[in-house]
Structures are given as structure tokens and as C-alpha cells.
Amino acid sequence: MHSFLVTLEEWRTYSRQESLPEFIWRVLQESGYYDFAGGLPGGKQRQANLLALYDRARAYEQTSFRGLFRFLRFVERLQEKGDDMGTARTLGEKEEVVRLMTIHKSKGLEFPVVFLSGLSKDFNMRDMYSDILLHQNLGIGTKYINPSKRIVKTSLPQAAIKIREKKELLAEEMRVLYVGLTRAKEQFILVGTVKDAASEFSKWAVTAAQAADTLSAFDRLQAKTF
């Protein structure tokens, strides 16, 4: 009971500080009701209705009215008049629409036309440059520190883990890219940007001329983007 009262008081505070749609989304997430609705019969439709409520609240705040209290009165007036905000329409798998999704979400699906975008975005290698590296097989790698000489260097274990982690990361990125490259039935468009197209094309041409059917391991290890 105490936990409920604390949460209720927090929500009361947020209802005065946040915009209406932000507050509704917070309640749906923190209460777990959105996930709960998805587990009920017709869960997909129930969640679509909750999202429709969120969209209606966002549209309501774009008018001259504001606040949770006024929005609740607005909904009550709709009910008194016998009006309804309507049932949200859910999209089926056969709908002719544009779908935006991650490559991971597209696994197992196929589409007539596919745009694979963001190919020039750098891979996330931030973890490799931490002072302490952990690997399930190689163990722990830390920097070598010499306090008397005030020297900090990369240690051999740390360098070994960094090389292994980079190989594993690139291998995973290649698997993800393979999934993305095999989603299209009819037309496939790759989208990316470079600073100097002519320079990049010349580099790619040299690499392609030296490669057979597969890029060499050296070339693959130099990759920073798809």
C-alpha cells in the first residue's frame, strides 16, 4: 500500500510538470499496463487503442486546452454524447504501406522493394577503448601503469582482447548486413553518404580488383561502416 501511495504521489507531480502525452506514456510504461494489455486476448488491438489514446492526447495539447483534468473532462463529454474516439486500425502483414524497421526486426521477412539506409554510420567500437576490457575466454585486460615513471601503456592482454573483440564485432556486423541484403524480392537500394565520392570509389575499385569473390580478411578488418 505504501509503495502504491508513493507512486501515486509521483504521478501527481509528473502530471503537473510534464506534457499530457508524456505523462500518459509514463503511466502506461511504469504501471506495466501497456505490456499487460498486449498479453490479453486481442492484445495487438488493445495496444493499438492505447497508442491511439496517446495520439489523441498529443493532438489535444496542440489546441488551446492543456492539462490532464481538462482532457479527462473532454473524454467524459464524448462518452456522455455517445461519441467514441474510435478503435485504432491495426495493420496486417499484407498491407501496402512503407515499413520502417531495424535490420534485426526484418529477419525472416521479405518485401518487394527494400531501402537499406545508414550504411555510412560508424560501427560502435566505444567499448574497445575502455581502460579495462573483459572477454569471456581471454579474461581481463588492463593498461600497464608505471607510477614511478608516470607511464601508461596498452598491455599485451588488453591488446589481445581488443583485437579479438574487433573481429567478433565485425563478424556480427557482417551477419547483420547479410540479413539486410537478403530482404528484397524485386528491388534493393543501398543508401549511404561519403565526403569525397570520387576518392572513395577509386579506393573501392582498387580493393575490388584485388579481391576474388570475397574480400580479404585484411580488408574486412579495416571496415568501420557497412
Side-chain angles (χ1 to χ4, degrees), residues 1-124 126-127 176 179-180 182-189 191-193:
M1 185 66 178
H2 175 71
S3 177
F4 168 76
L5 292 176
V6 170
T7 301
L8 181 61
E9 187 60 33
E10 289 178 351
W11 286 349
R12 282 174 172 168
T13 302
Y14 286 130
S15 70
R16 296 188 293 268
Q17 296 175 346
E18 296 181 333
S19 68
L20 178 61
E22 287 177 345
F23 174 67
I24 289 177
W25 188 248
R26 174 187 291 277
V27 173
L28 290 176
Q29 291 296 307
E30 292 185 358
S31 65
Y33 186 71
Y34 183 81
D35 294 330
F36 172 76
L40 296 174
K44 188 174 182 181
Q45 181 63 61
R46 293 174 186 271
Q47 288 185 327
N49 289 339
L50 291 174
L51 292 176
L53 173 67
Y54 169 83
D55 289 336
R56 176 57 69 95
R58 188 168 56 180
Y60 181 81
E61 287 240 320
Q62 292 176 354
T63 66
S64 58
F65 299 101
R66 295 287 188 278
L68 178 62
F69 178 81
R70 289 188 175 184
F71 181 69
L72 292 175
R73 298 290 81 79
F74 167 72
V75 174
E76 287 178 355
R77 285 195 296 271
L78 286 178
Q79 292 175 333
E80 290 171 358
K81 293 178 181 179
D83 295 334
D84 191 358
M85 288 191 287
T87 301
R89 179 170 176 262
T90 57
L91 295 174
E93 293 297 325
K94 302 298 182 180
E95 298 281 355
E96 292 188 1
V97 295
V98 176
R99 299 178 184 274
L100 299 178
M101 63 181 66
T102 63
I103 297 178
H104 290 91
K105 288 286 186 180
S106 71
K107 191 172 183 179
L109 304 176
E110 287 187 320
F111 306 94
V113 180
V114 171
F115 285 81
L116 188 57
S117 60
L119 297 182
S120 53
K121 182 180 179 181
D122 288 344
F123 298 140
N124 184 5
R126 188 180 306 168
D127 292 342
V176 171
V179 173
T182 54
R183 299 306 96 201
K185 293 181 180 179
E186 300 170 12
Q187 190 174 9
F188 186 70
I189 297 98
V191 182
T193 59

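The backbone N or O of R126 lies less than 3.5 Å from a partner atom in the side chain of N124, making a donor-acceptor pair. Not one N or O on the side chain of Q47 forms a donor-acceptor pair closer than 3.5 Å with the backbone of A37. Panel note: side chain R183, backbone V114; no donor-acceptor pair is recorded below 3.5 Å.
Separating the OH atom in Y34 from the CG atom in L50 is a distance of 7.5 Å, to the nearest 0.5 Å. To the nearest 0.5 angstrom, Q29 atom CD is 6.0 Å from D35 atom CG.
The shortest side-chain heavy-atom distance between I24 and F71 falls under the 4.5 Å cut-off. Side-chain contact check for I103 versus L116: some heavy-atom pair is nearer than 4.5 Å. Looking at W25 and L53, their side chains never come closer than 4.5 Å, going by heavy atoms from C-beta outward.
With sequence neighbours excluded, no residue satisfies salt bridge (Lys or Arg N to Asp or Glu O under 4.0 Å) with E186. With sequence neighbours excluded, no residue forms a ring pair (Phe, Tyr, Trp, His ring centres under 6.0 Å) with F23. For T193, the side-chain hydrogen bond (donor to acceptor under 3.5 Å, both in side chains) criterion is met by S120, not counting sequence neighbours. Partners of S31 under the side chain to side chain contact (heavy atoms under 4.5 Å, CB included) rule, at least two apart in sequence or in another chain, are W11, V27, Y33. For E10, there are no salt bridge (Lys or Arg N to Asp or Glu O under 4.0 Å) partners, not counting sequence neighbours. Taking D55 as the reference, R58 meet the salt bridge (Lys or Arg N to Asp or Glu O under 4.0 Å) condition, with sequence neighbours excluded. Not counting sequence neighbours, the partners of L40 by the side chain to side chain contact (heavy atoms under 4.5 Å, CB included) test are F36, R46. For F123, the ring pair (Phe, Tyr, Trp, His ring centres under 6.0 Å) partners at least two apart in sequence or on another chain are F226. Every residue meeting the salt bridge (Lys or Arg N to Asp or Glu O under 4.0 Å) condition with R26, not counting sequence neighbours, appears here in chain and number order: E18, E30. Residues that satisfy the side-chain hydrogen bond (donor to acceptor under 3.5 Å, both in side chains) test with E76, not counting sequence neighbours, are R73. By the side-chain hydrogen bond (donor to acceptor under 3.5 Å, both in side chains) test, S19 pairs with E22, sequence neighbours left out.
For the residue pair A57 and P21, the shortest heavy atom distance occurs at O-CD, 4.2 Å.
Residue pairs meeting the salt bridge (charged side-chain N to carboxylate O under 4.0 Å, His left out) criterion with at least one partner in residues 104-122, sequence neighbours excluded, do not occur; the list is empty.
Residue F4 forms a side chain to side chain contact (heavy atoms under 4.5 Å, CB included) with just one option from L8, V6, T7, and that option is L8.
Atom CG of L100 is surrounded by 12 or fewer heavy atoms from other residues, nucleotides or ligands within 6.0 Å.
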**OP:** Dump the intermediate steps for side-chain contact (heavy atoms from CB on, under 4.5 Å) on F111 and K185, then the final yes or no.
**Re:** CA-CA 6 Å; F111 306 94; K185 293 181 180 179; over 6 Å; no
Original post:
Please walk me through it: do I189 and V191 pass side-chain contact (heavy atoms from CB on, under 4.5 Å)?
Top reply: CA-CA 6 Å; I189 297 98; V191 182; 4.1 Å; yes
